[in-house]
Amino acid sequence: MGLDAAFWILAVVGVGSAVAVVFLRDVFRAALFLVLGFFTVAGIYVTLDADFLAAVQVLIYVGAVGILLLFAIMFTREARRGSLFNRLKMPALVFAAALLGIMIYTMTATDWGVAANPGLPGLQESGTGLTGRIGEALFSKDGFVLPLEIAGVMLLAAVLGAIVIMREK
Amino acid sequence: MSVGLEHYLVLASIIFCIGFYGALTKRNTVVILMCIELMLNAANIALVAFSKYLAKDTVLISGQIFVIFVVVVAAAEAAVGLAIIMALYRNRKTVDSDDIDLMKG
């Protein structure tokens with residue numbers, strides 16, 4: 001029951017902050033509401049037994065991406081003009097609403113074949129939750145070790161690319 | 001009615017569509033990037049919900065692994081995207097997507 005209450009609170013705050021990101025005119029406040037939305041998504045991960053992902057969400061999204069966005073807003077001095085809409089405002093609203101309706105209908109009408117009350121996940125005896133299993137799956141030879149290495153190379157390429165693009169000529 | 005898979009999926013759809021609407025309609029490129037982050041977060045919620053609910057008595061760990069990769073790609077995308085925006089701002093003194101029409105024929 002407590003988990004249900006937590007879900008509803010987090011869902012309302014998350015949707016509200018997402019709406020605020022889109023409709024606030026002040027870019028800086030929109031970015032702060034985006035950070036609030038990242039926090040609520042971390043809370044939703046906790047209600048889904050994904051404790052490691054909640055920590056990753058707070059560290060990377062709130063800590064890195066949020067700060068990066070705030071710095072970008074401060075550097076580009078466009079905050080005074082605010083975040084305006086372009087002329088696609090109404091057609092995009094119709095299209096997004098239609099997409100939302102289709103998605104909600106599909107997701108509620110599909111029989112996913114799930115247990116209503118899934119059992120407790122196979123937690124590690126050391127009390128580390130699912131983190132140990134994530135590590136095993138990431139680093140085992142028949143797991144995701146090749147995509148992991150590729151992701152590392154991609155991060156290096158992204159960092160180098162960002163430096164090259166930003167450098168004064 | 002207790003919270004189940006559909007609740008999480010509907011929440012993910014709502015956040016995704018809000019981000020989609022913002023990404024289509026905003027003029028400030030930094031705000032467009034923020035809306036894309038919203039869409040990625042919505043997809044992550046759906047992935048984690050599937051990884052918990054789709055199997056009985058266990059957690060399908062590959063859903064959470066996919067979320068980690070999505071987070072990595074999103075971080076790289078934010079870094080490169082903001083670098084491009086700042087390079088554009090340095091050259092053209094604007095971050096308005098309507099004014100950035102360098103490659104328009």
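Naming: A, B, ... by sequence-line order, numbering from 1 per chain.
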Any side-chain heavy atom of [X] within less than 4.5 Å of one from [Y]?
X	Y	value
B:Val3	A:Trp8	yes
A:Phe85	B:Arg27	no
B:Met86	A:Met166	yes
A:Arg133	B:Gln64	no
B:Leu40	A:Tyr61	yes
B:Glu37	A:Val65	yes
B:Ile68	A:Phe52	yes

Just give me the residue among [options] that pairs up with chain A most often, heavy atom to heavy atom, under 4.5 Å.
options	result
B:Leu88, B:Ile14, B:Val10, B:Ile61	B:Ile61
B:Leu11, B:Ile15, B:Thr25, B:Val72	B:Thr25
B:Ile65, B:Val73, B:Leu33	B:Ile65

With chain B, which of [options] has the greatest number of heavy-atom pairs at distances under 4.5 Å?
options	value
A:Leu53, A:Val41, A:Leu148, A:Thr108	A:Leu53
A:Ile163, A:Val15, A:Ile134	A:Ile134
A:Ala97, A:Gly143, A:Pro147	A:Pro147
A:Val19, A:Leu3, A:Leu68, A:Ile104	A:Leu68
A:Gly66, A:Ala50, A:Ser17	A:Ala50
A:Val159, A:Leu69, A:Val21	A:Leu69

Legend entry - Greater than 12 external heavy atoms within 6.0 Å of B:Arg92's CZ: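 Yes, CZ of B:Arg92 has more than 12 neighbouring heavy atoms, counting only those of other groups under 6.0 Å.
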Inset, instruction - For atom CZ of A:Phe71, decide whether the heavy atoms of other residues, nucleotides or ligands shown that lie under 6.0 angstrom number more than 12. - result: no
Check for me, please, whether [X] and [Y] land in the same ILVMFWY cluster - side-chain distances under 4.5 Å, paths through other members count.
X	Y	value
A:Val58	A:Ile67	yes
B:Val67	A:Val46	no
A:Met90	A:Phe23	yes
B:Phe66	A:Leu155	no
A:Val12	B:Leu38	no

Under 4.5 Å from any heavy atom of chain B - which part of [X]:
X	result
A:Ala31	both
A:Leu100	both
A:Leu88	both
A:Ala18	both
A:Thr47	both
A:Leu34	side chain
A:Pro91	neither
A:Val56	side chain

Legend entry - Spatial distance of atom CZ (A:Phe75) from atom CD1 (B:Ile85) [nearest 0.5 Å]: 13.5 Å
Legend entry - Mutual orientation of the aromatic rings belonging to A:Phe144 and B:Phe69 [parallel < 30°, tilted 30-60°, perpendicular > 60°]: tilted
Which heavy-atom pair separates [X] from [Y] by the least distance, and what is that distance?
X	Y	value
B:Cys17	A:Ala96	SG-O, 3.9 Å
A:Val22	B:Cys35	CG2-SG, 4.2 Å
B:Ala49	A:Leu48	N-CD1, 3.8 Å
B:Ala76	A:Met154	CB-CE, 3.7 Å
B:Lys52	A:Asp49	CE-OD2, 3.5 Å
B:Ala83	A:Ile165	O-CG2, 3.7 Å

Inset, instruction - Determine whether the aromatic ring centres of B:Tyr21 and A:Phe95 lie less than 6.0 Å apart. - result: no
Inset, instruction - Answer with yes or no whether the side chains of A:Gln57 and B:Asn44 bring together a donor and an acceptor at under 3.5 Å. - result: no
Legend entry - Proximal component of B:Tyr8, with respect to chain A [non-hydrogen, under 4.5 Å]: both
